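Both backbone and side-chain heavy atoms feed into the values below; hydrogens, waters and symmetry mates do not. All values derive from a computational prediction rather than experimental measurement. Lettering of chains follows the sequences in order, A, B, ..., and the numbering in each one begins at 1.
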Number of protein chains: 2
Amino acid sequence: MGLPLRKSKVAAPPPACPLTESLSLLRGAWAPNVIWYLSAEPRRFGELRHDIPRISARVLSARLRELESRGLVTRKVLDTSPPSAEYALTPLGRELLPAIEALARVGRKLIDQWELGASHAGARSRPRRVAV
Amino acid sequence: MGLPLRKSKVAAPPPACPLTESLSLLRGAWAPNVIWYLSAEPRRFGELRHDIPRISARVLSARLRELESRGLVTRKVLDTSPPSAEYALTPLGRELLPAIEALARVGRKLIDQWELGASHAGARSRPRRVAV
DNA sequence: CTGTATCCATGATGATACTG
DNA sequence: CAGTATCATCATGGATACAG
């Protein structure tokens with residue numbers, strides 16, 4: 001994994017990793033959460049709003065449209081009354097799950113370490129946003 | 001207060017994933033790139049600037065400090081002339097690499113598919129930022 | 001219920017100039 | 001070379017009101 005070792009002190013050639021583009025897939029603070037909450041089964045708009053309480057309708061709509069345009073999520077309008085929409089991950093979108101889970105694992109580990117360090121240090125005030 | 005699922009089947013109740021916090025590890029557009037370019041070997045400030053041409057010194061400095069404060073990166077000042085600094089990943093920081101690479105893989109795949117679709121569609125103008 | 005359109009606050013970034 | 005300070009800009013997100 002990783003980059004090839006550079007020969008000397010001189011710069012390693014930028015190996016053009018598609019990182020920037022990849023991360024733009026998860027643009028914004030919520031896209032990963034949306035994908036996460038779609039991982040088990042299709043969800044409706046209102047359900048997602050409930051799953052992710054702090055997301056606004058505007059942003060949720062924007063993320064869903066973006067994910068749909070990129071082929072990661074499908075949108076199916078149900079002919080019910082009142083009308084409802086159901087969102088689901090495409091196989092492509094599903095491929096992001098392992099990566100997201102890997103990030104979540106490392107994140108959890110780091111958070112645990114921080115909490116450990118904080119308790120050792122004596123409960124120093126550390127205003128950090130709560131996860132999820 | 002449980003959310004009544006539409007279908008009796010279970011489903012993916014909000015499993016409180018530490019996603020939000022985890023992603024904050026990679027805050028900003030450049031942190032993943034910084035980690036990536038440190039993956040092979042320690043790099044100096046100027047080298048990183050060269051590796052990531054479009055990053056400004058201000059942002060690179062900010063990201064490095066943030067990553068350092070979180071225990072993902074170490075900073076070593078070399079007593080040379082002119083002075084230089086060398087940054088390296090900590091074991092903890094290294095744990096992020098598989099996740100980042102997983103994202104990069106999916107991203108690359110998606111980009112390839114887009115390019116394929118674009119060529120089929122006849123090279124439609126699609127103002128997208130270039131990867132890397 | 002499912003979105004969308006404004007308006008507004010905030011944060012991240014780049015450019016430039018400057019210090020050690 | 002390594003880093004910081006200041007300024008201006010732009011994208012993102014929230015709140016609200018409103019539409020289909």
Side-chain angles (χ1 to χ4, degrees), chain A residues 9-11 19-21 23-34 37-38 42-69 73-88 127-130 132, chain B residues 3-6 19-21 23-34 37-38 42-70 73-88 127-130 132:
Chain A
K9 277 294 249 189
V10 196
L19 255 187
T20 303
E21 188 71 18
L23 284 230
S24 76
L25 295 176
L26 304 179
R27 176 182 303 174
W30 300 117
N33 281 292
V34 171
Y37 283 105
L38 286 176
R43 304 289 276 173
R44 294 185 312 175
F45 191 86
E47 290 177 320
L48 288 172
R49 287 188 73 178
H50 177 270
D51 292 338
I52 317 171
R54 297 190 298 176
I55 199 174
S56 64
R58 190 183 85 86
V59 172
L60 177 57
S61 176
R63 292 293 145 262
L64 285 170
R65 278 190 284 108
E66 186 169 303
L67 293 172
E68 185 189 5
S69 76
V73 162
T74 58
R75 175 176 178 271
K76 181 169 63 174
V77 178
L78 305 178
D79 188 16
T80 58
S81 173
S84 58
E86 204 170 67
Y87 294 89
R128 177 167 301 288
R129 287 201 314 266
V130 186
V132 180
Chain B
L3 172 66
L5 291 171
R6 292 167 284 113
L19 256 186
T20 303
E21 187 71 18
L23 285 227
S24 77
L25 295 176
L26 303 179
R27 175 184 306 177
W30 300 118
N33 282 291
V34 171
Y37 283 105
L38 287 177
R43 302 289 276 172
R44 294 187 310 174
F45 190 87
E47 290 177 319
L48 288 172
R49 286 189 75 180
H50 177 269
D51 292 338
I52 316 171
R54 297 191 296 176
I55 198 174
S56 64
R58 192 183 87 84
V59 172
L60 177 55
S61 177
R63 291 294 145 261
L64 285 170
R65 289 185 175 288
E66 187 169 302
L67 293 171
E68 185 187 5
S69 76
R70 297 189 165 183
V73 161
T74 59
R75 175 176 179 268
K76 183 169 63 174
V77 177
L78 306 177
D79 190 14
T80 58
S81 176
S84 58
E86 205 170 65
Y87 295 89
R128 171 168 307 287
R129 286 201 316 261
V130 186
V132 176

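- Here the side chains of B/W30 and B/I52 are in contact, with some heavy-atom distance below 4.5 Å.
- Closest to the side chain of B/R75, from the set C/dG3, C/dG14, D/dA2, is D/dA2.
- Side-chain atoms of A/S61 never come within 3.5 Å of backbone atoms of A/R58 as a donor-acceptor pair (strictly under, hydrogens ignored).
- Closest approach to the B/R44 side chain among D/dA2, D/dG3, C/dG3 is made by D/dA2 (side chain taken as heavy atoms from C-beta onward).
- The distance between atom OH of A/Y87 and atom P of C/dC1, rounded to the nearest whole Å, is 14 Å.
- The side chain of B/A57 approaches D/dT4 more closely than any other nucleotide in the set D/dT4, C/dG3, D/dA2.
- Between the CG atom of B/L60 and the P atom of D/dA5 there is a distance of 15 Å, rounded to whole Å.
- Distances from the side chain of B/R63 to the nucleotides C/dG3, D/dG3, C/dA12 place C/dA12 closest.
- Computed from coordinates, the A/R43 CZ to C/dT2 C1' distance equals 16 Å when rounded to whole Å.
- Between A/N33 atom CG and D/dT12 atom P the separation is 17 Å, expressed in whole Å.
- Comparing D/dT4, D/dA2, C/dC1 by their nearest atom to the side chain of B/A85 picks out D/dA2.
- In this structure the side chain of B/L48 never reaches within 4.5 angstrom of the side chain of B/I55, judged on heavy atoms.
- Atom P of nucleotide D/dA2 and atom NE2 of B/H50 are separated by 13 Å, given to the nearest angstrom.
- Here B/S84 does not reach the OP1 or OP2 of D/dC1: none of its side-chain N or O atoms lies under 4.0 Å away.
- Atom P of nucleotide D/dG3 and atom CD1 of B/I55 are separated by 13 Å, given to the nearest angstrom.
- Map B/S56 and A/P83 each onto its nearest nucleotide of DNA chain C; the residue landing nearer the 5' end is A/P83.
- Checking D/dA2, C/dG3, D/dG13 against the side-chain heavy atoms of A/V59 singles out D/dG13 as nearest.
- When rounded to the nearest whole Å, the span between CG of B/L64 and C1' of C/dA12 equals 16 Å.
- Counting heavy atoms from C-beta on, the side chains of B/D51 and B/V34 never come closer than 4.5 Å.
- Using a 4.5 Å heavy-atom threshold, the side chains of B/R49 and B/L60 count as touching.
- When each of D/dG13, C/dT4, D/dC1 is scored by its nearest atom to the side-chain atoms of A/W30, the top-ranked nucleotide is D/dG13.
- One can find a donor-acceptor pair under 3.5 Å joining the base of D/dG13 and the side-chain atoms of A/R58.
- Put simply, A/R65 has no side-chain N or O that comes within less than 4.0 Å of OP1 or OP2 on C/dG3.
- Using a 4.0 Å heavy-atom cutoff across all strands shown, A/R49 reaches no nucleic acid atom at all.
- Summarising the geometry, the separation between CG on A/L78 and P on C/dG3 is reported as 10 Å, rounded to the nearest angstrom.
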